[in-house]
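All remarks here apply to the structure that follows.
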Amino acid sequence: MRRPIAAAAVALSLALVAGAHGSSGVVSAVVVPIPVAVSLSVAPPAIAGGGAATATATVANLGASALAPQSVTLHFDAVGLRVRHGAHRTTAPIAGGASAQVTWQLCGRAPGNYFVLASARFGDVDVESPAVLLAVTGAAAPCPKDLSVVVHPGGTAKTDVEGDGATPLDPVEAAVTVPGGGAVSLDVVPSPQPAPPGLTALGWYVDASAPQASAPQPLVLAFELDASLFADLDPLAFEVRRNGVVLPRCDGAVASPDPCLSTRALDADGDLVLVARSSAASRWTFGTTYAFSGFGPPVSAPPAVNAANAGRAVPVKFSLGGRYGPDVVAGGYPASRRIDCAGGAATGVLAATAAAGSSGLSYDAAAGSYTYAWKTEAAWAGTCRELVLRLADGTEHHARFRFR
């Protein structure tokens, strides 16, 4: 930790040339003070493991002229504390006689006493506050992290202010790059999310807020998940969900799905890196999906167009790699809509289907597959429709039909 500087000064060398008496030049050191004081308060002064305290730095301009700090930084023991929240940098001018404040949320990890101080940089000089003691009691615990910053166009906000990537103590890190810049917030929260039957959901989610973007120029959200989260699970089987819906893979085209997943890979440490492209920020969760296989005869997946008799029941068969109970299909699904027979473009509104009789969804243990008896309508003769099966894990599966 650096020695606190109560007052900062810059020594300037000024050459004074002799006047009318013709004496030789004299070099004299003129001290120009930087009239700044930095103070720090931390409340509460003691927190339990996993709890949080607010650190507030006040940068006071004691002079008459406006001053603009290059940065305001918090210094602490990175092993025992973590920054949860804060505007970690400010360059706004501070008017003479005025002050500016920067706040951080500190989360306690390991028990102990920690000294915290803040510094403001002006040129090559740091003005530091006196150190403040923060006591942490209790064992280390998962701690949420939240960040609120303003980024320039094309800039990136990231929760990993420590620069150590995802770790067992900070197992989820998030970042968002904003094409147009603006105010951004990222909240990384350890909170178990209910998973569909038979699936696995990581006990963390990320709430992101950022200015609206577009599919051609999307927000780029990156998530790093520490290897300690997966235990015996295959990390590459994990998907990203926005608002509960699994992201499809990006296809690289201008009309790539929005949102979509562009990267799923393991880094050198075995951590999982997931990168999503999205026109909007929202809630992001992570988990496995069903091992879908289908459709089974007499139905085939696109590009096939299945021939069917209007008004007759169509058995829609699929497998999920096991028996997961009756609640594997999302509410309101399966659904269908009218499509153009030539190109397959949707020409109707998606509406929930009806099951034939009381059969609905059934499971065949011997075949290891589900069957949904879809009740079709006689009025559909001579038209084409698309069946959309959305599962409880958020994935969607489609089949096309021509009715006679």
Side-chain angles (χ1 to χ4, degrees), residues 196-199 215 239 244-261 289-404:
L199 302 187
E239 304 280 357
V245 178
V246 172
L247 270 61
R249 293 303 299 264
C250 301
D251 58 21
V254 175
S256 188
D258 177 29
C260 63
L261 180 66
T289 61
Y290 294 120
F292 178 84
S293 176
F295 294 96
V299 177
S300 298
V305 177
N306 302 278
N309 293 319
R312 300 286 298 273
V314 176
V316 180
K317 300 178 182 180
F318 58 93
S319 173
L320 301 179
R323 184 171 190 167
Y324 296 105
D327 300 322
V328 296
V329 178
Y333 289 84
S336 74
R337 60 190 164 202
R338 187 167 177 174
I339 60 174
D340 176 65
C341 288
T347 59
V349 178
L350 197 64
T353 62
S358 59
S359 53
L361 184 69
S362 61
Y363 183 76
D364 184 340
S369 64
Y370 286 88
T371 299
Y372 175 73
W374 178 26
K375 180 182 178 181
T376 67
E377 298 182 15
W380 293 349
T383 67
C384 295
R385 297 188 74 84
E386 178 182 45
L387 181 72
V388 180
L389 173 66
R390 176 178 288 184
L391 299 175
D393 65 0
T395 58
E396 285 188 0
H397 308 277
H398 301 246
R400 296 174 181 173
F401 295 84
R402 181 188 297 270
F403 290 94
R404 53 180 180 251

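Since the structure is predicted, the reported quantities are computational estimates derived from the model, not experimental observations. One-based numbering along the sequence shown.
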query = Got Tyr324 and Tyr370 here, is their nearest side-chain heavy-atom distance under 4.5 Å?
reply = yes

Does a side-chain heavy-atom distance below 4.5 Å link Thr376 with Phe403? yes

Checklist entry - Does the side chain of Arg338 come under 3.5 Å of the side chain of Thr347 through a donor N or O and an acceptor N or O? => result no

Open item on the list: Any non-hydrogen side-chain atom of Asn309 less than 4.5 Å from a side-chain atom of Arg404?
Closed with: yes

The residue among Trp380, Phe295, Trp374 that forms ring-ring contact (aromatic ring centres under 6.0 Å, His included) with Phe401 is Trp374

Applying ring-ring contact (aromatic ring centres under 6.0 Å, His included) to Tyr372 and not counting sequence neighbours gives none

So CD1 of Ile339 and NE2 of His398: to nearest 0.5 Å the spacing works out to 11.0 Å

Tightest non-hydrogen contact, residues Ala399 and Pro302, listed as CA-CD, 4.2 Å

Next on the checklist: Less than 4.5 Å apart, side chain to side chain, heavy atoms only: is that true for His397 and Phe292?
Outcome noted: yes

Interatomic distance, CZ@Arg385 vs CD@Glu377, rounded to 0.5 Å, equals 7.0 Å

Has Arg337 got more than 12 heavy atoms of other residues, nucleotides or ligands less than 6.0 Å from its CZ? yes

Side-chain contact test, heavy atoms from C-beta onward, threshold under 4.5 Å: evaluate it for Leu247 versus Cys260 and give yes or no.
-> no

Considering only heavy atoms from C-beta outward, does the side chain of Leu361 approach that of Val329 to under 4.5 Å?
-> yes

Do Val328 and Leu320 have side-chain heavy atoms sitting under 4.5 Å apart? yes

Item checked: Any donor-acceptor N/O pair, Thr289 side chain to Asp393 backbone, under 3.5 Å -> no

dist Arg400:CZ -> Cys384:SG (nearest 0.5 Å) comes out at 10.0 Å

Q) Got Cys250 and Leu261 here, is their nearest side-chain heavy-atom distance under 4.5 Å? A) no

Tested for side chain to side chain contact (heavy atoms under 4.5 Å, CB included) against Leu387, the lone hit among Val299, Asn306, Val314, Thr353 is Thr353

